[in-house]
Amino acid sequence: MEKKFIYDEQTAVVETGKGKVRGYFYDDMYIFKGIPYAKARRFHAPEPVEPWEGVFQAVSYGCVCPLLDLPKPGGELMVPHRFWVMDEDCLNLNIWSPGLDGEKRPVMVWLHGGGFFAGSSIEQIAYEGENMCKLGQVVVVSVNHRLNILGYCDLSPFGEEYANSGNAGTDDLVAALKWIHDNIESFGGDPENVIIFGQSGGGAKVTTLLQTPAADGLYAKGINMSGVIGGALADAGGNGEKLVRALMEELKAEDVKALETVPYDALAAAYNKVKPALEKAGEYVGGSPHPNAFYLGEPVANGFRKETEHVPLMVGSVFGEFGSFAPTPYKRREMTPEAGAAFVEEEVGTEEAGELIRLFQKAYPERNPVDIMTMDFIFRTPEIDYIRARSSCSGGTWSYLFNLDMNFDGGRTPWHCADIPYFFHNTELAPYTQEEGVTEKVEKLIFDSVMAFARNGNPENPEMPCWPACTPEKEYTLVIGKDSRVRENFDHELIPVLGKCMGPVYARNMEKRMKDVQH
């Protein structure tokens, strides 16, 4: 079927609070790219953009936040990427809408991954919003914001004007949500039904916004995908005085003000040079949210804020996460369960392996015990605590685990980011997802659940009609695979034993598993 394209002076023109923007119509969608939602001086809070005359041409993606290191493409079959023009003027967003007609549709706001230091709204090809928009009849928005030393570097000891520089990147997200609240109705969206969702660092940003009072009322629901990572994305404690003084010394800067104007490449190089010694000494090095009056701290330790108890959440992770990135030294599909168990015994020791294998087979009776070698506990361990804490103060917390092996390299347990194409209904853009009779079924289950959650605050739908919300005592996890089903506390005995037995093995294998894959 022919896809209709229109780009003219009338078709996709919308009046925003700062002026008109012009996008284009394609394949039954209105698409706008690179709309500025705010501006900011380095280390300062975002400010409203100045009104513009004429029409802003919103047909090209805007610049993305500069990174601390130039990205090196790798692992593109596992996590298909693209790389874009970087500039500090990066506070922009993209919109896909089914209609500019005043209809109030759910608004899906994507917060990208990459921790709080890397990534962009368009970095992964699976982030494209067209299919979610068209098939789900929702408005999709993706957001760029400040990262790394630009977004998360505390200069508060050097003056009140820097009071929240340690959370500037999150402040950008609040500014984006305010822009969406004020303008999205003109793009066919409902400002009272904004769903913030993100994966990895993006999932952690969902949590951060829950703990940020300034964001209250700007979103209605949240989806946290592989974003509960414990220490890997922990709050940045202390303050930035030693870090900032080290930067000033390295750059021969006379005062803090000079850091606002030094070329970014020089600032990044100085940071990369001074960070290791400070980090080794346990000092503040930034790069993640900084607890203060703006951001009230990680919720498992500090408690979820009562003001967000009404916000429903979906929270989940992937079977293999980081453990599945590298090839294994064995052929899974050719290995018998007995051989798999023997391999695990050899790696972790016979005495420890017995209990581990027993609990693994109880939790995953369909899997070969050798899959213990790639199974995640780095995410799943803190996630269990997170879901328990959240469900104790909210009646709307749903748990899932993506357990679908990938048709890759003879069969691979699913890795960090492997689930993203299914959430966006973009499996057609990720070759590794293709498996006849499986891909469409799993994609429909996930997508329909997400769309039901967006509309109703509950993911139950005809594909998964009985998926209860969690309670502090019972985690009802939708285990997603070829035979998806909801299971109660299914891995709670396994995960502590897995962490104890596999911790040393995991640490030994981690570097080689991660170094060649962008994620």
Side-chain angles (χ1 to χ4, degrees), residues 3-4 6 11-18 20-38 56 58-59 61-62 91-112 121-122 126-145 173-199 202 205-206 209 215 217-223 225 311-312 314 420 423-426 446-457 459:
K3 296 179 180 180
K4 189 175 183 180
I6 306 175
T11 302
V13 178
V14 174
E15 183 78 53
T16 74
K18 298 299 180 181
K20 292 182 178 180
V21 297
R22 176 183 174 188
Y24 58 95
F25 178 87
Y26 179 63
D27 194 20
D28 295 328
M29 287 170 290
Y30 295 86
I31 301 173
F32 302 82
K33 299 176 178 178
I35 299 175
Y37 63 82
F56 180 87
V59 295
Y61 288 123
L91 307 190
N92 58 74
L93 52 79
N94 313 299
I95 301 173
W96 294 263
S97 175
L100 310 178
D101 49 14
E103 184 175 334
K104 293 186 176 181
R105 302 172 177 85
V107 181
M108 304 293 297
V109 179
W110 177 246
L111 309 178
H112 69 77
S121 69
I122 62 168
Y127 292 175
E128 282 295 312
E130 282 93 340
N131 284 342
M132 178 176 279
C133 167
K134 182 170 62 175
L135 300 175
Q137 288 297 294
V138 296
V139 177
V140 181
V141 183
S142 62
V143 180
N144 286 313
H145 64 103
L173 293 177
V174 173
L177 289 172
K178 287 179 179 176
W179 188 97
I180 292 165
H181 184 271
D182 293 344
N183 293 282
I184 206 65
E185 193 168 355
S186 298
F187 293 86
D190 183 356
E192 304 307 319
N193 190 18
V194 170
I195 301 91
I196 51 175
F197 73 123
Q199 186 269 350
K205 292 165 194 174
V206 170
L209 288 168
L218 299 177
Y219 59 92
K221 309 176 181 81
I223 304 176
M225 306 162 55
V311 177
M314 286 176 62
I420 294 174
F423 276 76
F424 276 89
H425 210 293
N426 277 340
I446 293 176
F447 188 75
D448 286 1
S449 299
V450 170
M451 291 299 101
F453 181 77
R455 287 181 165 79
N456 310 316

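Residues: numbered from 1 along the sequence shown.
P98 places a side-chain heavy atom less than 4.5 Å from the side chain of V139. Side-chain contact check for M451 versus M132: some heavy-atom pair is nearer than 4.5 Å. L209 has its side chain within reach of V174: a pair of non-hydrogen atoms, C-beta onward, lies under 4.5 Å apart. Between L93 and I180, the closest side-chain pair of non-hydrogen atoms falls below 4.5 Å. Taking the side chain as every heavy atom from C-beta outward, L91 and N144 never approach each other to under 4.5 Å. Put simply, the side chain of Y219 does not reach to within 4.5 Å of the side chain of I195, judged on heavy atoms. When side chains are defined from C-beta on, V13 does not count as touching V21, because their heavy atoms never get closer than 4.5 Å. Using a 4.5 Å heavy-atom cutoff, the side chains of V138 and V107 are not in contact.
Atom-to-atom distance recorded for E130:CD and L135:CG is 11.0 Å, nearest 0.5 angstrom. With rounding to the nearest 0.5 angstrom, the CZ atom of F56 is 10.0 Å from the OG1 atom of T16. Here the straight-line distance linking atom CG of L173 with atom NZ of K178 works out to 12.5 Å at 0.5 Å rounding. Separation of atoms NE2 (H112) and NE2 (H145) is listed at 4.0 Å; rounding is to 0.5 Å. With rounding to the nearest 0.5 angstrom, the SG atom of C133 is 11.5 Å from the CE atom of M108.
Ring-plane geometry between Y61 and W96 is classed as tilted, the angle between the planes lying from 30 to 60 degrees on a 0 to 90 degree scale. Ring-plane geometry between F197 and F424 is classed as tilted, the angle between the planes lying from 30 to 60 degrees on a 0 to 90 degree scale. In this pair, F25 and Y30 present their aromatic rings perpendicular. The plane angle is above 60°, beyond the 30 to 60° band.
Donor-acceptor pairing under 3.5 Å is lacking for the side chains of Y37 and K18. Side-chain contact check for E192 and H181: at least one donor-acceptor pair (N or O, by modelled atom type) lies under 3.5 Å. Under the 3.5 Å distance criterion, with hydrogens and angles disregarded, no donor-acceptor pair is assigned to the side chains of H425 and K134. A donor-acceptor contact closer than 3.5 angstrom is absent between the side chains of N92 and K33.
Between G34 and N94, the shortest heavy-atom contact is N-OD1, 2.9 Å. Residue A220 comes nearest to P312 through the heavy atom pair O-CD, 3.3 Å, listed as atom of the first residue, atom of the second, then distance. L111 approaches K205 most closely through the heavy-atom pair CD1-CB, 3.9 Å. Nearest heavy-atom pair across A58 and I35 is CB-CG1, 3.9 Å. The two atoms that bring V14 and S186 nearest to each other are CG1-CB, 3.6 Å, heavy atoms only.
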(message) Checking Q137 against R455 for the side-chain contact (heavy atoms from CB on, under 4.5 Å) test, could you report, in this order, the C-alpha distance in whole Å, the side-chain angles of both residues, the deciding distance, and whether it holds?
(response) CA-CA 11 Å; Q137 288 297 294; R455 287 181 165 79; 3.8 Å; yes
(request) Would you check, one step at a time, whether the test side-chain contact (heavy atoms from CB on, under 4.5 Å) holds for I95 with V140? (result) CA-CA 6 Å; I95 301 173; V140 181; over 6 Å; no
(message) Apply side-chain contact (heavy atoms from CB on, under 4.5 Å) to residues I420 and Y127 and explain how you reach the verdict.
(response) CA-CA 8 Å; I420 294 174; Y127 292 175; 4.1 Å; yes
(request) Output, in order, the C-alpha distance, side-chain angles, deciding distance and verdict of side-chain contact (heavy atoms from CB on, under 4.5 Å) for Q199 and I223. (result) CA-CA 8 Å; Q199 186 269 350; I223 304 176; over 6 Å; no
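Close placement of the F187 and F32 rings is indicated, their centers lying within 6.0 Å of each other.
Formation of a donor-acceptor pair under 3.5 Å by the R105 side chain with backbone atoms of G99 is found in this model.
Using a 4.0 Å cut-off between a side-chain N of Lys or Arg and a carboxylate O of Asp or Glu, D27 and K4 do not qualify as a salt bridge.
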